[in-house]
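The next block holds one structure in the form of C-alpha cells; read it before the comments.
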Amino acid sequence: MSVDSGTSFTEYCNVDPGTRSKALEYPTSIQISQHIFTVFSADHYTGIKLSRTRLPEIIIGHTMHHKEDPAQRAALIDFAGALNYKNWIKSDHWTSDKKSYCEWFGIKCKGSDVVELSLPGNNLNGHIPPSVAALKHLKVFDIHGSRPDDYRGCKDSNLNMSPLPEELYSLTELQKIDIEYTCAAGPISRSIGGLKNLVEVHFHGNFLNGTIPLEMNECVELQEFKLGRNPLTGPFPNVPKLHKLTKFNCNFCALTGPIPDIFGNFPDLVQTFWDGNGLTGTLPASLGRLTKLQRLSFNINNLSGEVPEELCNAPALTDCRIGADTNLTAYEANYPWIPVSHGNMYKCPLPKCATGTGVCNKLTKCHPVVNPCSPVKCETESNSIVL
C-alpha cells in the first residue's frame with residue numbers, strides 16, 4: 001500500500017481494523033515517500049505519524065517499529081534452529097513472520113536493532129551459530145543455565161561442549177556476556193580484548209580451557225570477571241588496567257605460579273575468589289588496601305612466606321579464607337583438572353587477623369560449599385608447625 005500524503009492516509013486510518021484486515025494480508029508494507037515500513041497485524045496497528053521535520057513512524061501498540069533488518073531476522077532464526085527452540089521452556093513468537101523479531105520472547109530492540117538477547121534457564125540445547133555476527137548492536141547476551149546440584153556439568157541450558165564462536169567476539173557493543181553453567185568448552189579467544197564496552201563476563205561453571213588471555217586487560221570497563229570452575233591453565237591473570245573491577249574470580253581452575261601484586265589497582269573490589277588452584281608464592285600485600293573488600297579466598301593452594309600485616313587493615317573484610325585446608329569435597333569441587341594442593345603453609349609469626357578468632361583464621365560457623373573452615377598454619381625456622 002502506498003500513501004502519498006495525510007489525506008489519503010487518514011482515510012485509511014479511519015477504516016476500522018476489521019475492514020482493513022479484510023482488504024490486506026498481513027504482514028504488509030506501507031510506503032511513505034521513499035520509506036517502506038511493515039505492519040504485522042491489523043490488531044496491533046494503530047496508525048502512522050507524519051511529520052514535515054522527521055521521518056514517518058509506524059506506531060504498533062505504543063511502540064515505534066522501524067523497518068526490520070533482514071540480516072538480523074535471519075540470524076535470530078538461525079540461532080533458534082541451532083539451539084532447538086521448539087523445546088525451549090518459553091519461545092513466544094520466535095520465527096514468526098507475523099511478529100516483529102523485537103516482539104519475540106527474550107529480545108529487546110532499539111529501533112530495529114537487537115540490543116538484548118536474554119534467554120537464561122530456557123532449555124537451550126545446541127551451539128551458538130556464527131551468524132550471531134549480524135547482531136552488530138547487541139549489548140546483552142545472556143543464556144546462562146542453572147547451577148547443577150553437584151556443581152558438575154550444566155542444567156537448563158546446554159551448549160554440548162561447543163566453543164564460543166569467534167563471531168561472538170566481533171560484537172563490539174557487548175556489555176554483558178553470561179554463559180554460566182551451559183557446558184561451553186574451548187578457549188577464550190584473544191579477540192575478547194576488542195570488546196571495550198564489556199562490563200560483565202560470567203563464564204563460571206563450564207569447560208573453558210587454555211590460558212586467560214592477557215588481552216582482557218583492554219576491557220577497561222569491566223566490573224565483574226567470573227571464570228571459576230573451568231579448567232583454565234597458566235598464570236594468574238595480570239590485568240592491572242581493570243580499575244573498575246568489583247568481582248574478580250577464578251576459583252577451582254588450574255592456575256599455577258605466583259600472584260602478581262596488582263590488587264591495589266582495583267579500589268572497588270568487593271569479592272575475589274582463587275581457592276582451588278596451584279598458586280605459589282606469597283599473598284599480595286595490596287589486598288589490605290582495599291576498603292570495600294568483603295570476601296576473599298586463597299585457600300587450597302600452595303602459598304608460603306609471610307601473611308602480610310596489611311591484610312588485617314581491610315576494614316570491610318568479613319569472609320577471609322587463606323588457610324591450610326585442602327578438602328575439595330567440602331566445596332563439591334573434585335574436578336580432575338585441579339592441581340595437587342599441599343595446603344598453604346606460611347612463615348611464623350602470623351599477624352593477629354590470621355590467628356585465634358581473627359577474621360582470616362576460619363575456625364567456626366563453617367558450612368560446606370558456601371563457607372568451609374580454613375585454619376591458618378605457619379612453620380618456624382626449625383620447621384615446626386604452629387596452628
Side-chain angles (χ1 to χ4, degrees), residues 187-188 190 193 203 208-219 222 225-243 245 247-267 269 271-290 293 295-314 317 320-326 328 331 333 335 337-351 353-354 360-361 374 376-379 381 383 385:
I188 302 170
R190 294 172 61 183
F203 286 172
L208 301 175
N209 55 34
T211 59
I212 300 170
L214 289 180
E215 287 78 4
M216 289 292 309
N217 200 33
E218 302 305 317
C219 302
L222 200 58
F225 187 13
K226 300 174 65 178
L227 303 174
R229 296 181 187 259
N230 279 289
L232 292 163
T233 57
F236 192 100
N238 194 351
V239 287
K241 293 166 65 174
L242 305 186
H243 302 302
L245 284 176
K247 296 179 180 180
F248 186 28
N249 308 329
C250 193
N251 49 333
F252 307 114
C253 295
L255 305 181
T256 54
I259 306 166
D261 198 355
I262 58 174
F263 285 87
N265 295 289
F266 316 135
L269 197 65
Q271 67 176 45
T272 189
F273 302 143
W274 302 90
D275 43 326
N277 282 284
L279 299 173
T280 55
T282 58
L283 283 170
S286 57
L287 287 164
R289 298 200 296 269
L290 302 179
L293 185 63
R295 305 182 67 195
L296 69 83
S297 62
F298 285 93
N299 53 320
I300 316 184
N301 278 290
N302 296 304
L303 300 179
S304 58
E306 296 181 352
V307 176
E309 185 72 40
E310 292 90 339
L311 190 59
C312 299
N313 298 329
L317 194 60
C320 174
R321 280 169 284 137
I322 61 171
D325 53 309
T326 60
L328 291 167
Y331 293 88
Y335 303 116
W337 59 76
I338 295 180
V340 173
S341 169
H342 301 292
N344 300 331
M345 184 61 66
Y346 303 105
K347 181 181 177 181
C348 297
L350 295 169
C353 64
C360 291
N361 192 31
S374 183
V376 178
K377 295 181 181 180
C378 67
E379 59 183 359
E381 292 183 0
N383 293 324
I385 296 174

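Just the heavy atoms: all of them, side chains too, but no hydrogens, waters or symmetry mates, feed the values below.
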Query - Within-4.5 Å side-chain heavy-atom neighbours: Pro187 and Leu232 - result: no

Query - Closest approach of Val307 to Ala354 (non-hydrogen atoms, all atoms of both residues) - result: CG1-CB, 4.5 Å

Query raised in the report: Under 3.5 Å, side chain of His243 to main-chain N/O of Phe266, donor-acceptor pair present?
Result: no

Query raised in the report: Taking SG to SG, are Cys360 and Cys320 separated by less than 2.5 Å?
Result: yes

Report summary line: Taken to the nearest 0.5 Å, the spacing of Arg321 CZ from Ile300 CD1 works out to 8.5 Å

Query raised in the report: Under 4.5 Å between any side-chain heavy atoms of Leu214 and Pro237, yes or no?
Result: no

**Report entry** For Leu222 against Met216, the heavy-atom pair lying closest together
**Finding:** CD2-CE, 3.6 Å

Query raised in the report: Does the side chain of Asn277 come under 3.5 Å of the side chain of Asn301 through a donor N or O and an acceptor N or O?
Result: no

Query raised in the report: Quick one: are Asn299 and Thr326 in side-chain contact, heavy atoms under 4.5 Å?
Result: no

Requested in this report: Return yes if a side-chain donor-acceptor contact under 3.5 Å exists between Ser286 and Asp261, otherwise no.
Outcome: yes

Query - Exam field: side chain Asn344 to backbone Ile322, donor-acceptor pair closer than 3.5 Å - result: yes

Requested in this report: May I ask you to check if the distance between the SG atoms of Cys378 and Cys348 is under 2.5 Å?
Outcome: yes

Report task. Report yes if the side chains of Thr280 and Thr256 come closer than 4.5 Å at any heavy-atom pair, otherwise no. Result -> no

Report summary line: In this structure, CZ of Phe203 is separated from CD1 of Ile212 (nearest 0.5 Å) by 11.0 Å

Query raised in the report: If you round to the nearest 0.5 Å, how far is CD of Glu306 from NZ of Lys347?
Result: 5.0 Å

Query - From CZ (Phe273) to CZ (Arg229), nearest 0.5 Å - result: 11.5 Å

Requested in this report: Let me see the working for Glu218 and Lys241 under salt bridge (Lys or Arg N to Asp or Glu O under 4.0 Å), right down to the final yes or no.
Outcome: CA-CA 7 Å; Glu218 302 305 317; Lys241 293 166 65 174; 3.0 Å; yes

Requested in this report: Identify the heavy atoms of Pro308 and Pro351 that sit nearest to each other, and give their distance.
Outcome: O-CG, 4.2 Å

Query raised in the report: Side chains of Phe236 and Pro260: closer than 4.5 Å at any heavy-atom pair?
Result: yes

Report task. Show the numbers, then the answer: is there a side-chain contact (heavy atoms from CB on, under 4.5 Å) between Ile188 and Thr211? Result -> CA-CA 8 Å; Ile188 302 170; Thr211 59; over 6 Å; no

Query raised in the report: Taking the side chain from Trp274 and the backbone from Leu296, do they hold a donor-acceptor pair closer than 3.5 Å?
Result: no

Query raised in the report: Which atom names give the shortest non-hydrogen contact between Ser374 and Gly323, and what distance separates them?
Result: OG-N, 2.8 Å

Query raised in the report: Aromatic rings Phe263 and Phe248: how do their planes relate, parallel, tilted or perpendicular, breaks at 30° and 60°?
Result: tilted

Requested in this report: With rounding to the nearest 0.5 Å, note down the distance linking CG in Asn313 to CG in Leu290.
Outcome: 11.5 Å

Query raised in the report: Looking only at heavy atoms, what is the nearest atom pair of Pro339 and Gly278, with distance?
Result: CG-N, 3.8 Å

Query raised in the report: In Å and rounded to the nearest 0.5 Å, what is the NZ to CG distance from Lys377 to Asp325?
Result: 9.0 Å

Query raised in the report: Within the distance-only criterion (no hydrogens, no angle test), does the side chain of Asn230 pair as donor or acceptor with the backbone N or O of Leu208 below 3.5 angstrom?
Result: yes

Query raised in the report: Looking at Asn249, Asn251, Thr272, Asp275, which one forms a side chain to side chain donor-acceptor pair (under 3.5 Å) with Ser297?
Result: Asp275

Query raised in the report: Side chain of Asn302, backbone of His342: donor and acceptor closer than 3.5 Å?
Result: yes

Query raised in the report: Do Met345 and Ser304 have side chains that get closer than 4.5 Å, going by heavy atoms?
Result: no

**Report entry** Beyond-backbone contact of Leu287 with Leu317, side-chain heavy atoms, under 4.5 angstrom
**Finding:** no

Query - Donor-acceptor under 3.5 Å (Asn361 side chain, Cys353 main chain) - result: no

Query raised in the report: Would you call Pro240 and Asn217 a side-chain contact if the rule is heavy atoms closer than 4.5 Å?
Result: yes

Query raised in the report: Distance-only, no hydrogens or angles: does the Asn238 side chain make a donor-acceptor pair with backbone N or O of Ile262 under 3.5 Å?
Result: no

